[in-house]
Amino acid sequence: MLTSENTKENLKDPRFQIPDNQGRFGPYGGSFVPETLCYPLQELNEAYEAAKADPSFQAELNRLLKEFAGRPTELYHAERLSNKIGGAQIFLKREDLLHTGAHKINNALGQALLAKRMGKKRIIAETGAGQHGIATASVCARFGLECKIYMGAEDMRRQALNVFKMRLSGAEVHGVETGSKTLKEAINEAMRDWVTHVRTTHYILGSALGAHPYPLMVRDFHRIIGRETKKQFRDKTGQLPNELIACVGGGSNAIGFFFDFLDESGVQLTGVEAGGRSLKEGEHAARFEGGKLGILQGCKTWILQNSDGQINPTHSVSAGLDYAAIGPEHAYYRDKNRIDFGWASDEQALEAFKTLSAEEGILPALETSHGLAYAFERAAQLDKDQIICVNLSGRGDKDAMEAARIMGVEGLPKMSFG
Ligand SMILES: *Cc1c(COP(=O)(O)O)cnc(C)c1O
């Protein structure tokens with residue numbers, strides 16, 4: 001269904017012709033789900049298109065983004081860091097300052113508001129590190145919605161404090177014991193729940209992934225990041241940056257940051273994947289290094305899989321980047337040579353985590369640290385009058401303990417929840 005708003009956008013701008021009305025980004029995306037989910041996805045798509053065109057929905061969302069989440073976030077010139085690196089000027093888009101600590105709240109708020117509009121009183125979600133679970137639990141508390149979070153048992157062990165926070169906000173956290181006990185299994189379990197309770201329940205998917213309309217909808221809820229960034233650069237510096245850099249797990253913070261710059265040909269766009277311990281099979285999550293075309297959890301995209309089509313195990317020091325598939329829109333714009341992709345290793349990310357903390361007093365999430373590591377290398381190759389902007393997708397408080405453990409700090413407190 002086309003709304004007046006996106007019809008207008010379609011006529012103006014080829015960016016809005018993708019995805020098509022089947023959710024396809026060229027050969028990627030689409031909707032590969034069991035038949036029982038076809039109707040709920042169609043219902044969701046129609047509800048979303050209607051909400052998108054409804055000024056009262058947008059006004060309510062904007063009010064909540066401001067008053068509950070803390071938007072707009074600052075655009076910050078990291079001068080000491082830029083001087084230290086000695087190349088391009090580095091700017092940071094401070095999504096880490098948002099309520100619950102990362103960009104994820106933009107999407108969680110949008111989808112919860114949509115669920116309310118659809119009359120759904122029960123919310124389910126998956127979470128890896130816990131950031132999406134916390135954002136979802138928090139908005140559910142805010143709206144008085146019942147909330148159940150699926151989380152791999154291994155991730156629950158690694159992120160015990162986040163489990164506690166979700167429970168404090170009233171969410172039921174369900175540990176998933178199958179397979180590698182991480183994000184992929186948590187998504188499977190959430191989809192199973194959705195199939196069973198679809199009349200009462202909305203599934204708040206946490207990244208620009210899955211079946212149509214999720215990649216489109218999640219992107220739209222995060223577009224505010226790039227829209228603000230563009231305006232802030234015009235107001236602050238009178239020019240646009242030379243390059244935008246963001247880390248890419250499923251790809252939600254990156255596509256939200258990049259989207260309003262896609263038609264600015266002078267601005268280079270770069271996504272950074274998790275290079276893990278090495279680029280050997282099973283030791284990383286860099287889908288464009290060693291992945292191939294396949295279908296996972298509802299959508300067609302680049303996936304880390306073996307020659308029999310079995311999904312490979314993945315590894316990253318940051319749980320939020322540790323996933324075998326990349327959002328379909330990224331695959332599309334990579335083919336079009338509009339978004340470039342690189343990777344950073346666990347070690348480089350940890351180094352960047354320490355550098356930003358030491359130079360600017362800002363602790364970045366380990367996910368974000370991948371984008372920073374790549375940006376530091378790029379900045380060193382550029383001149384002082386050039387500008388790089390990194391999307392600081394989240395804060396590093398959740399990772400401080402894990403970083404301390406890796407750095408060999410002694411006497412750390414222990415915490416674990418079942
Ligand atoms: C979840 C998360 C990511 C990765 O998810 P995307 O959908 O790729 O943005 C990156 N950074 C932070 C801080 C996160 O919490």
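Remember, it's 1-based here, ligands and their atoms both numbered in the order they're listed. Everything quoted here is computed from the prediction, not taken from an experiment.
- Note that CG of Asp322 and OG1 of Thr314 are 4.0 Å apart. Values are rounded to the nearest 0.5 Å.
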Output, or 'none' if empty, a list of ligand 1-protein atom pairs in which both atoms are N or O and the distance is under 3.5 Å, rounded to 0.1 Å.
from     : atom 1 : to     : atom 2 : distance (Å)
ligand 1 : 7 (O)  : Ser207 : OG     : 2.6
ligand 1 : 7 (O)  : Gly251 : N      : 3.4
ligand 1 : 7 (O)  : Ser252 : N      : 2.8
ligand 1 : 7 (O)  : Ser252 : OG     : 2.7
ligand 1 : 8 (O)  : Gly249 : N      : 2.7
ligand 1 : 8 (O)  : Gly250 : N      : 3.2
ligand 1 : 8 (O)  : Gly251 : N      : 2.8
ligand 1 : 9 (O)  : His103 : NE2    : 3.1
ligand 1 : 9 (O)  : Ser252 : OG     : 3.2
ligand 1 : 9 (O)  : Asn253 : N      : 2.9
ligand 1 : 9 (O)  : Asn253 : ND2    : 2.8
ligand 1 : 11 (N) : Ser393 : OG     : 2.8
ligand 1 : 15 (O) : Lys104 : NZ     : 2.7

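- Taken from NE2 in His103 to CG in Asp96, the straight-line distance is 12.0 Å, to the nearest 0.5 Å.
- Salt bridge present: Arg71 and Glu95 bring a charged side-chain N and a carboxylate O closer than 4.0 Å.
- Under the 3.5 Å distance criterion, the side-chain polar atoms of His330 are left unmatched by any main-chain donor or acceptor of Ala208.
- Shown here are the side chain to side chain donor-acceptor pair (under 3.5 Å) partners of Asn188, two or more places apart in sequence or in another chain: Gln297.
- In this structure, CD1 in Ile387 is found 11.5 Å from NZ in Lys236, a value given to the nearest 0.5 Å.
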